[in-house]
There are 2 protein chains.
Amino acid sequence: MNARLSLVPATPVRTAEPDPGRNPLVRKLRSLVNLNAADVAALEEISLPPRLLGPRVDLIRSEEGSGDAVMLLEGFACRYKQRQAGQRQIMAYLLPGDLCDVDASYLGRMDHAVGTLASSVVVRIPRQALADLVSRHPNIAQALRMARLFEEATTREWVVNLGCRSAMERMAHLFCELLTRFQMVGMAEGDSCPLPLTQADLGDTLGLSNVHVNRTLQELRRQGLVELRGKSLRLLKVRRLQEIGEFNPAYLQPVDGAKGHAAVGLVSGLA
Amino acid sequence: MNARLSLVPATPVRTAEPDPGRNPLVRKLRSLVNLNAADVAALEEISLPPRLLGPRVDLIRSEEGSGDAVMLLEGFACRYKQRQAGQRQIMAYLLPGDLCDVDASYLGRMDHAVGTLASSVVVRIPRQALADLVSRHPNIAQALRMARLFEEATTREWVVNLGCRSAMERMAHLFCELLTRFQMVGMAEGDSCPLPLTQADLGDTLGLSNVHVNRTLQELRRQGLVELRGKSLRLLKVRRLQEIGEFNPAYLQPVDGAKGHAAVGLVSGLA
DNA sequence: AACCGATTATAACATGCGTTAAATCCGTAT
DNA sequence: ATACGGATTTAACGCATGTTATAATCGGTT
């Protein structure tokens with residue numbers, strides 16, 4: 001299960017490299033607001049040593065109580081909930097650059113779990129460091145607020161997906177969303193992006209049985225819309241898939257390129 | 001459609017009454033944290049004159065750009081999204097005391113609409129007033145942050161509902177959630193609460209056709225679990241309904257009664 | 001190279017829910 | 001009262017998706 005864990009006992013991943021785009025958190029926040037050199041430098045400094053986790057490892061339960069945030073550096077994780085009978089529903093994907101806010105755990109018992117789907121590298125960000133960062137770097141504070149708004153919008157979009165789209169439409173929508181999100185952190189290559197999930201994982205995401213996930217996938221392949229080999233997803237006809245899933249990336253990114261202005265007026269205290 | 005709008009052209013609803021529990025926002029925030037007299041007084045002062053809206057009236061589009069928040073004083077509203085073919089998916093309910101954060105509209109085009117389902121009374125809260133309130137009253141700031149966390153948790157719970165529960169389970173869960181939320185603002189009477197929705201509205205909420213909503217409702221009635229007459233819902237066997245829907249109110253409220261302590265450590269700047 | 005468990009793929013069958021349609025009920029206005 | 005339109009109810013039928021089962025394939029390990 002976590003076979004890969006032993007391969008890399010504590011290999012430190014270089015975080016504070018001079019080249020500007022390695023850190024996925026930096027890349028993500030840069031897709032939301034304009035960051036200056038000081039902002040970027042500060043972001044690269046806050047991370048504690050990275051830790052490698054195998055697939056299917058819970059990463060919230062363990063941090064619970066520390067109050068620190070967790071950032072996904074590499075890999076693929078999710079928020080999920082397990083029903084009594086065993087069914088799992090995935091409620092959100094965490095991609096590299098995504099922060100897992102631990103605020104929720106203060107509301108008493110955490111209402112859901114967070115775990116890896118593929119083997120992943122995570123870093124803890126001490127709560128105090130994050131608070132300092134936010135108070136000294138308004139751009140970063142702004143970007144984090146926006147990231148949160150987009151995350152909320154994404155969850156709402158998943159409600160729509162589950163509530164009133166067919167299997168094919170759901171899957172097309174999900175794939176479009178994934179490609180866009182990977183593009184935002186510079187991890188897409190053309191129309192391809194990583195997809196280190198099993199069909200069962202997709203089923204738990206889309207509210208479908210794994211058999212039907214397979215059927216739907218076959219149909220998408222047959223129509224020449226997607227290619228899914230190994231752990232890589234390729235969207236052969238992006239436009240067509242966007243039509244099928246009624247995908248509009250506006251809920252993931254600022255419109256056009258007006259990053260700087262877009263969110264000046266956010267009610268900072270309320271957010 | 002909006003026939004009732006004309007009935008009450010501009011009837012002002014009394015907001016700042018001396019009796020402590022009239023304002024649903026106060027009641028709601030009090031269910032989250034302990035508020036002192038100054039906090040309550042401040043909350044009662046911020047509202048602009050209330051406006052009456054008929055059912056099925058959008059209330060975001062009109063406020064767009066003003067940046068002010070909107071609070072529902074009476075009635076029933078929702079966040080929703082309309083698909084091209086016409087299907088509507090409701091993503092959240094707004095009950096009395098709920099604030100509709102307008103932050104999202106700053107991310108460019110609003111990604112969803114907010115509208116009334118029943119005729120409602122709303123008040124605008126100027127952005128500046130809200131910012132002042134939050135900076136001068138830490139308890140209120142705390143409560144608003146918690147309210148937001150609970151709102152996020154609620155959306156996640158809806159994802160679970162749509163993703164992996166049957167029609168009966170979904171409806172049982174929704175009804176339990178509604179009762180609890182109305183209890184939090186003091187609008188439930190025993191095991192009864194308002195439900196001014198049509199079966200079509202319920203269908204757009206639960207991802208079911210209106211025919212199947214009806215079937216499911218009949219079955220719940222036949223089993224003596226609920227009573228739904230006029231615009232009032234009554235849960236005859238709350239415990240049983242909670243079992244069916246696997247409902248656990250922990251995602252709506254602080255656990256037990258530890259309101260004051262629960263959230264002291266929230267990363268204020270991040271939230 | 002050969003093995004193993006996990007994943008993917010297919011088939012056959014079952015069913016929960018959607019669709020269409022028509023009847024009844026109910027609140028509101030005439 | 002009466003009439004009207006929207007909401008609820010019920011029935012008949014179809015389909016998308018679930019379920020169960022089994023085979024084929026793949027990726028990683030020895």
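These numbers were taken from a predicted model, which means no experiment stands behind them. Proteins get letters first, then strands, A, B, ... in listed order; numbering begins at 1 in each.
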Do [X] and [Y] sit within salt-bridge range, that is, some charged N less than 4.0 Å from a carboxylate O?
X	Y	answer
A/Glu246	B/Lys81	no
A/Glu151	A/Arg79	yes
B/Arg165	B/Glu157	yes
B/Asp191	B/Lys237	no

>> On DNA chain D, compare the nucleotides closest to A/Ser209 and A/Gly230; which residue's is nearer the 5' end?
In response: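 By nearest-heavy-atom nucleotide position, the 5'-most residue is A/Ser209.
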> Counting side-chain heavy atoms from C-beta on, which of C/dA21, C/dA9, D/dT20 comes nearest to B/Val211?
Replying inline: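 Among the listed nucleotides, the one closest to the side chain of B/Val211 is C/dA21.
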> Where the side chain of A/Ala167 is concerned, which of D/dT17, D/dG18, D/dT8 is the nearest nucleotide?
Replying inline: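 Minimum distance to the A/Ala167 side chain belongs to D/dT17.
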How many Å lie between [atom1] on [X] and [atom2] on [N], as a whole number?
X	N	atom1	atom2	result
B/Leu208	D/dT17	CG	P	14 Å
B/Gln199	C/dC26	CD	P	13 Å
B/Leu197	D/dG6	CG	P	19 Å
B/Leu217	D/dT8	CG	C1'	10 Å
B/Asp204	C/dG18	CG	P	11 Å
B/Lys231	C/dG27	NZ	C1'	9 Å
B/Met168	C/dG16	CE	C1'	12 Å
B/His212	D/dA16	NE2	P	17 Å

>> Does A/Arg215 contact D/dG18 through a side-chain donor or acceptor facing the base, at a distance under 3.5 Å?
In response: yes
With a cut-off of less than 4.0 Å, is there a side-chain N or O of [X] near OP1 or OP2 of [N]?
X	N	result
A/Arg221	C/dA9	yes
B/Arg229	C/dG27	no
A/Asn214	C/dT8	no

> What do you reckon, are the aromatic ring centroids of A/Trp158 and A/Tyr93 less than 6.0 Å apart?
Replying inline: yes
> How would you label the contact of A/Gly203 with the nucleic acid (heavy atoms, under 4.0 Å): base, sugar-phosphate, or nothing?
Replying inline: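 Counting heavy atoms under 4.0 Å across all strands, no contact is made by A/Gly203.
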>> Here's a test of your reading of the structure: between B/Asn210 and B/Thr216, which maps to the more 5' nucleotide of DNA chain C?
In response: B/Thr216
